[in-house]
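Structure record follows, encoded as structure tokens.
The structure presented is a predicted model; accordingly, all values stated were derived computationally and were not measured.
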Amino acid sequence: MARAATQLKDRDESAEFASLLGENFRASDTFEGQVVKGIVIAKTNDFAIVDVGLKAEGRVPLKEFSVRGAEADLDIGQEVEVYVERIENKQGEAVLSREKAKREEAWSELERAHSENEEVTGVIFARVKGGYTVDLKGATAFLPGSQVDLRPTKDSQPPMNEEVPLAILKMDRARGNIVVSRRALMEDDAAGSLDEVLANINEGDTMEGVVKNITDYGAFIDLGGIDGLVHVTDISWKRVNHPSEVMTVGDTVKVQVTKVNAESKRVSLGMKQLENDPWDDIVGNYPSGKRVKGKVTNIADYGAFVEIEEGVEGLVHVSEMSWTKKNLHPSKILNVNDEIEVMVLDVDMDKRRISLGLKQCEDSPWAAFAAKNPEGTIIEGEVKNITDFGLFISLPEVDIDGMVHMSDIDASMSGEEALAGFSEGDKVKAKVLEINPEKERISLGIKQLDEKGGSSSSGAARSTGGASLDGMKKGDVVTCTVSEITDGGVAVTVNDKTAGFIKRAELSRERSEQRPDRFAVGEKVDAKIVMVEKKKGSLQLSIKQLQIEEDKKALAEYGSSDSGASLGDILGAALDSAKDDGTPAKAKKAPAKKAAAKKPAAKKAPAKKDEDKK
């Protein structure tokens, strides 16, 4: 019985313990994570002791009962709301938080305000990256820099440590994120007054405003309730690269309303419209051909802009900058701020463009050359360039070239052969054939020179200082002595006193033999005189022309090679015959013809076949 009584007693105690333990867990489930009311029963220097009806009181830092920037106003016996984080910690105290209580309370109120689109108030108390931190009565929110003002600038700053109205843009309680905006409320307030302000603004009105902000493309002007934009092109009639050149933030300026857009609530303004348009009198003041002075304001790839009066600019195209300097960047000819003289070429009022010329203020080198060297004048210059179609020769006293077409070099040979006798740097004489200043072209000729005019190139005869030419005429065959070997030909002397020159193309009938290096200084050669330069006392000679002439004579005297015998065979036979009997070759002409005529016709075809093989 005693044992049974003991077991019953132990069972009752266990049931009581389980009941007490369950109540403890129920209390924990009821209080932890909840906001409850408690009584301040004591205060220390840093903490308030709060009784919330649990087994032990909790300590709460006094600063959590204070408003930012002020001391805590808390009395003993005062009822407060706190957040229960834990029923009991290691010290056996309840862990309470007034700040979390305020946050929970604030979050509930903020969620309601956000759902009903109501504005809230908060204190901006710190600046962080990208914006500001705001206290929304216990909850911490983020205010982006772009949401601070209607037109935020780098220097704009919201009121700090003051209550300001805000709108909640986004909130996430699970993550504890809240984003607010001051700008949204300002826009709503401004929208109501904008309609009234716009109703009183008309296009063409002249108003005064304050420069509120400056950008690369223009300036925003505060007109008292609404901002208008002055584009950089509407600030002045003259070129303005940046609005800051003309105005600064805070300046009071006079503007004209150029456009009002009621739908977008935007106002466009202008400042230059209040001044006289300098283009009104352009046509009368700047007729084509007038020379004016101006200042280079800007340089582009295609030309330079020149201000000829305040607010009026013209363009000097790169093609109108120099008569002779072609394909150069304008910056190689002009610099910004240069004072220059230009000529008005054209005025387009519809496009408000003025075309100017710089080179037109100087004489055209082609016209200047024509004034001193009319057609028919003989000039001397240096070969500047050799092309497939002719020679370019520098002209005296002007920085331009004239052209000798290949067909105007030498009448006695083809153009290609004539060109082969010249090199860059050679000094030559030529006759002016045609001058066309409009097309910037001067045509010259060498073959048009008569014997009195002469010719002087590296391939022409060298001057001997007046050596005698008595008894020498064009077509004569003379014996020469090689005196110099050049790339362009061979210099020779005739009778040891008269200078002559044989051009490369005239050294041989065969192109493969037209090499100056196959001759040697001191060697004797026969050549034909093709030009007598009496003024220079020199000769131009040709071995090629002599060979051609000798071939023609041989064919005429000894028969045609068409009969089956080559010219060499004919000449060889004639010479052999002359040696045998001492009779001149000319006297053997008849037998030679007869022998040629008697040759069998059957051998003609094989001979031709052999020539084809060769």
Subject >> Residue pair Ile340 / Val296, side-chain heavy-atom distance below 4.5 Å >> reply: yes
Original post:
Can you tell me if Ser394 uses its side chain to pair, donor with acceptor, with the backbone of Glu382 under 3.5 Å?
Top reply: yes
**OP:** Carefully, step by step, assess Thr258 and Gln273 under the rule side chain to side chain donor-acceptor pair (under 3.5 Å).
**Re:** CA-CA 9 Å; Thr258 58; Gln273 286 77 4; 5.8 Å; no
**OP:** Please answer whether the main-chain N or O of Pro165 pairs with a side-chain N or O of Thr121 as donor and acceptor at a distance below 3.5 Å.
**Re:** no
Original post:
Does Asp251 use its side chain to pair, donor to acceptor, with the backbone of Thr248 at less than 3.5 Å?
Top reply: yes
Original post:
Would you say Phe392 and Val383 make side-chain contact, with heavy atoms under 4.5 Å?
Top reply: no
Original post:
Asn335 and Asp338: which non-hydrogen atoms are nearest, and at how many Å?
Top reply: N-OD2, 2.8 Å
Original post:
When you look at CZ of Arg352, are more than 12 heavy atoms from neighbouring residues, nucleotides or ligands closer to it than 6.0 Å?
Top reply: yes
Original post:
Which atom pair, heavy atoms only, marks the closest approach of Arg182 to Val148?
Top reply: NH1-O, 2.8 Å
**OP:** Taking Asn436 for its side chain and Lys439 for its backbone only, find out whether a donor-acceptor pair lies under 3.5 Å.
**Re:** yes
Subject >> Cationic N near anionic O, under 4.0 Å, Arg112 to Glu118 >> reply: yes
**OP:** Would you mind reporting whether Leu433 and Leu444 have side-chain heavy atoms less than 4.5 Å apart?
**Re:** no
Subject >> With sequence neighbours excluded, residues passing side chain to side chain donor-acceptor pair (under 3.5 Å) with Ser407 >> reply: His405
Original post:
Checking Lys384 side chain against Ile400 main chain: does a donor-acceptor pair fall under 3.5 Å?
Top reply: no
Subject >> Over 12 non-hydrogen atoms of neighbours within 6.0 angstrom of CG in Asn261 >> reply: yes
Subject >> Non-hydrogen atoms of Ser181 and Gln147 that approach each other most closely >> reply: OG-OE1, 2.6 Å
Subject >> Rounded distance [0.5 Å steps], CD1 in Ile226 versus CD1 in Ile221 >> reply: 13.0 Å
Original post:
Judged by modelled atom types alone, do Glu208 and Thr252 share a side-chain donor-acceptor pair under 3.5 Å?
Top reply: no
Original post:
How about Gln448 and Asp408: does a side-chain donor come under 3.5 Å of a side-chain acceptor?
Top reply: yes
Subject >> Within-4.5 Å side-chain heavy-atom neighbours: Ile386 and Phe422 >> reply: yes
Subject >> For Lys272 against Trp237, the heavy-atom pair lying closest together >> reply: O-NE1, 3.0 Å
Subject >> Heavy atoms from other residues, nucleotides or ligands near CD of Glu310 exceed 12 (cutoff 6.0 Å) >> reply: no
Original post:
Are any non-hydrogen side-chain atoms of Tyr302 and Val318 less than 4.5 angstrom apart?
Top reply: no
Original post:
Taking side chain as C-beta onward, heavy atoms only, is Val255 less than 4.5 Å from Leu223?
Top reply: yes
Subject >> Note: Asp227-Lys212 ion pair, threshold 4.0 Å (strictly below) >> reply: yes
**OP:** Mind listing the closest non-hydrogen atom pair of Arg291 and Gln360 along with its distance?
**Re:** NH2-O, 3.7 Å
**OP:** Verify, without hydrogens or angle tests, whether Thr206 (side chain) and Gln256 (backbone) share a donor-acceptor contact under 3.5 angstrom.
**Re:** no
**OP:** Of all the heavy-atom pairs spanning Pro330 and Met321, show the shortest one and how long it is.
**Re:** CB-CE, 3.6 Å
Subject >> Ser268 side chain near Leu229 side chain, heavy-atom distance below 4.5 Å >> reply: no
**OP:** Check the surroundings of atom NZ in Lys259: do more than 12 heavy atoms from other residues, nucleotides or ligands lie under 6.0 Å from it?
**Re:** no
**OP:** Could you check if a side-chain atom of Leu391 sits within less than 4.5 angstrom of a side-chain atom of Asp426, using non-hydrogen atoms only?
**Re:** no
